[in-house]
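Because the structure is a prediction, the values reported are computed rather than measured.
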Amino acid sequence: DGRSETMRRMCWAFVVFTAVVFAVSTAMSQTWKGLLDRAEAYRNAQKPDSAIVLARLALHEVEASRGASDTATGKVLESLGGYLSLKYRYAQAESAWTRALSIYLSTFGEKSIRTVAVMYNLSVCYFDDARYVDAEQLCTRALRIKEELTPGDGLRIAAMLNFLADVHSVQARYGKAELLYKRAIA
């Protein structure tokens, strides 16, 4: 019968189309991951300019394949912010980390290790840009959440306490800085 033959062909065409779409999306997904892996290799080889170029390409790929608000986009933005900060491009790093933070907050909420990591990186960026009040506020928030989420992570908490002490010290708040330094080494 002609109708059933047409129906079989349409079903077959749909299966082929679905397979092609899946293959293309998988290939695009691998493309951004590969670019980000290569960017990290360049960063490790002390070549941050090359890492930045590759991370920007990865960002373009991941936004095209997964969307601007996907957590994979947040991951690429997080890495890009790190590479940019190595080159003292704080305004660009801040922009990347702010976008990553927005994605993570909307996806994971405030109480997530990934969110806390971006908060901390952003606070360091603020510090490096001499925005000490912003650095203090964001680091304090990140530290509070980090202590709540992973109280046994002494080394990372100590690093955050030490950084927060540096923020107070540079603002000539030596009493607060001293207390934080003591907490960091306790």
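Considering every non-hydrogen atom in both A135 and S123, the closest pair reads CB-O, 3.3 Å. Contact detail for M160 and V116: the closest heavy-atom pair is CE-CG1, 4.3 Å. Contact record, T71 with F108: CG2-CZ, 3.5 Å, taken as the closest heavy-atom pair. Scanning both residues, I103 and G74, for their nearest heavy atoms gives CD1-N, 3.8 Å.
For the atom pair CZ (R144) and CE (M119), the distance works out to 8.0 Å, reported to the nearest 0.5 Å. Taking CG of L143 as the start and CZ of R183 as the end, the distance is 6.0 Å to the nearest 0.5 Å.
Heavy-atom neighbours of R173 CZ from other residues, nucleotides or ligands within 6.0 Å: above the threshold of 12. The neighbour count for Y42 OH, taken as heavy atoms of other residues, nucleotides or ligands under 6.0 Å away, does not exceed 12. K146 NZ: more than 12 foreign heavy atoms inside a 6.0 Å radius.
The pair R131-E94 meets the salt-bridge criterion, with a side-chain N (NZ, NE, NH1 or NH2) lying under 4.0 Å from an Asp/Glu carboxylate O.
Between F163 and the choices Y181, Y132, Y126, F127, the ring-ring contact (aromatic ring centres under 6.0 Å, His included) rule is met once, by F127.
You'll find the side chain of K87 stays beyond 4.5 Å of the side chain of Q92, heavy atoms only.
Without hydrogens or angle criteria, T140 side chain to E136 main chain gives a donor-acceptor distance under 3.5 Å.
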*Taking it one step at a time, do L180 and N162 satisfy side-chain contact (heavy atoms from CB on, under 4.5 Å)?*
CA-CA 7 Å; L180 289 165; N162 192 63; over 6 Å; no
*Under the side-chain contact (heavy atoms from CB on, under 4.5 Å) criterion, do L36 and L54 qualify, and how do the steps go?*
CA-CA 7 Å; L36 197 57; L54 288 170; over 6 Å; no
*Verdict with supporting geometry, Y104 and E78, side-chain hydrogen bond (donor to acceptor under 3.5 Å, both in side chains)*: CA-CA 10 Å; Y104 290 169; E78 186 178 354; 2.9 Å; yes
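Taking the six-membered ring where tryptophan is involved, the planes of Y90 and Y88 are perpendicular, since the angle between them exceeds 60° and thus also 30°.
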